[in-house]
Structures are given as structure tokens and as C-alpha cells.
Visitor: 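One structure follows; several queries about it will come next.
Indexing begins at 1, ligand by ligand and atom by atom, following the structure's order.
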Amino acid sequence: MTVAAGRETDLATALAALRDRLSDAARAADRDVDDVELLPITKFFPASDVAILWRLGCRAFGESREQEASAKIAEFGELTGASDVRWDMVGQIQSNKAKAVAAWADRVHSLSTAKVAAALDRGAARAMEEGSRTAPVQVFVQISLDGDTSRGGVDVGDPAAVDTLCAQVAGAAALRLAGLMAIPPLGADPDTAFAALAAEHRRILQNHPDATELSAGMSGDLEAAVRHGSTCVRVGTALMGQRPLTSP
Ligand SMILES: *Cc1c(COP(=O)(O)O)cnc(C)c1O
């Protein structure tokens, strides 16, 4: 078997196992598995892997760094010629990269600051004028559950700050507030963390009833996230394998 065929077999096996795992998690939580999106996170893996996943039926992918994503999206296009694909940004965005992100990101899961929101809105408005994008960017406001905002997110202990950023996104012409996202603090109990996120989501829904999405859960904690209402699990390692040690 060639190396490429071996990778295809490995990814097909991992994808099937992951879909089974997500079905089990949904059933255990008494939820419909179709209400939880499985978003493959392909950061640090080559465009050829994304092309395999696309052939296996995946139609959306998450990336965490603008430059890596832009290059991979171009290469993926050359490999597949596919147009039926969406790309999501899940990593922190520097405001000088927001315009570039707005050129390719269907959704941003990781908005944490007013400055980046404004830059993303300007970039998306420009892209819509130029015809390179047809819809506003769907935005998740990232919540920090332990107040350590150096890892991204607005402090859940500062509800006024969360409200302000959500209102800014909801009022921006080229952005739509999709919902909230969080990554549990290191060492935290996932159930406790996702329960806190779900509570904050219920609070935000009072003013933003359309912001129904909850981006929560990764390879190690997707069952807990599904128990607490996740509508999108972002899975890297359990699908792609271990990333190189340089991973953030
Ligand atoms: C890398 C990454 C993931 C995937 O994490 P795994 O533990 O490998 O599944 C999910 N969300 C974000 C924001 C990431 O950066």
C-alpha cells in the first residue's frame, strides 16, 4: 500500500470512530446527533489530508493561524477543484490579520476583542463589496472561564464586557453573532467548565435569541460538551493524530 493510501485508510477509520463516539455522546445526552456538528481541525496537517477528508464527506474545516490557512486553502483548491467547502477560524486573530481572515473564514469561533471585531467587520464588508464573499462572517464570542484572557476570551466574570462585545458583533453590518465558544481552563473539570459556559449562553440568548450556537468540545472532552448543549465540536487530534510538538 502506498503512503497516501495508508493515510486515507487511517483517516477513514478515525472519522468513522469519531462519528460513532459523537453518536454515543448525543444518545447519552438524549440529543439528536444531527444537532451537533463535527468540525475537523486541520491545523499543522497538509492540504492533502484535507482533500482526503473532503473525499470522505467532510465539508467544513477549522484552522488556527491565518497564514497557514490561506496557503492551505489555495493548495486544497488546486488539489480538489472543490467549491462546496467552508473554512472556519478557531485561533486567536491579530488585528492586522483580520482582513485576511475575512477573505476566507465562513465563521470565526474565537473573537475576543473589540479591536479585532471592528477590523473583521471592515474586512468582511470590503470582501462583500468586491464580491469575494456573499455572506457576513458568523462570529462566536470566545469566553474565558478562568479569567486568564491571555489564552483568548472575554472574562466570564465580567458580564458587562461579554455583553458589550456581543452587542458590537450583533450591530456590525458584515458580522452575525452565532453564539459563544470556550476552551476549558487547563486542568479544569470539563463538566464544570461547560456548565458555566452554558449558563453564560442562556444569559446571552435573552438579548440575542438568534445566537443559538455553542462551539464547545475537543478531542478529550466532547462528551461533556455535548451534555452541556454544544452544537459544534472542534476535533483535531482524535481525527488527525498527534500534532508536531510546536503546536500551540
Ligand atoms: C487545536 C484546536 C482544537 C482541536 O483540539 P484537539 O484537542 O486536538 O481536538 C480545538 N479548538 C481550538 C480552538 C484549537 O486551537
Visitor: For G236 and ligand 1, does the shortest N/O to N/O distance drop below 3.5 Å?
Guide: yes

Visitor: Relative to the heavy atoms of V90, which atoms of ligand 1 are at a distance of less than 4.0 Å?
Guide: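 That gives atoms 12 (C), 13 (C) of ligand 1.
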
Visitor: Please could you name the atoms of ligand 1 that V235 approaches to less than 4.0 Å, counting only its heavy atoms?
Guide: 9 (O)

Visitor: At under 4.0 Å between heavy atoms, which part of K43 makes contact with ligand 1: side chain, backbone, both or neither?
Guide: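 Near ligand 1, K43 shows its side chain, while the N, CA, C and O stay back.
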
Visitor: Going by the angle between their ring planes, with limits at 30° and 60°, are F140 and H109 parallel, tilted or perpendicular?
Guide: parallel

Visitor: Aromatic rings W87 and F61: how do their planes relate, parallel, tilted or perpendicular, breaks at 30° and 60°?
Guide: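 Tilted.
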
Visitor: Ligand 1 versus R243, non-hydrogen atoms closer than 4.0 Å: side chain, backbone, both, neither?
Guide: side chain

Visitor: Quick test of your reading of the structure: of T237, D88, L18, whose heavy atom lies closest to atom 8 (O) of ligand 1?
Guide: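 Among T237, D88, L18, the closest heavy atom to atom 8 (O) of ligand 1 belongs to T237.
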
Visitor: With a 4.5 Å limit on heavy-atom distance, are the side chains of I204 and D163 in contact?
Guide: yes

Visitor: Taking distance alone, with N or O pairs closer than 3.5 Å, would you say S64 contacts ligand 1?
Guide: no

Visitor: Only heavy atoms of R234, strictly under 4.0 Å: list the atoms of ligand 1 that pass.
Guide: 4 (C), 9 (O), 10 (C), 11 (N), 12 (C), 13 (C)

Visitor: Among R59, R86, R19, which one satisfies salt bridge (Lys or Arg N to Asp or Glu O under 4.0 Å) with E37?
Guide: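 One option only clears the test, and that one is R86.
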
Visitor: What do the steps show when you test E75 against K72 for salt bridge (charged side-chain N to carboxylate O under 4.0 Å, His left out), and what is the final call?
Guide: CA-CA 5 Å; E75 200 186 335; K72 199 178 297 181; over 6 Å; no

Visitor: Judged by modelled atom types alone, do E213 and T231 share a side-chain donor-acceptor pair under 3.5 Å?
Guide: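 Side chains of E213 and T231: pair found under 3.5 Å.
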
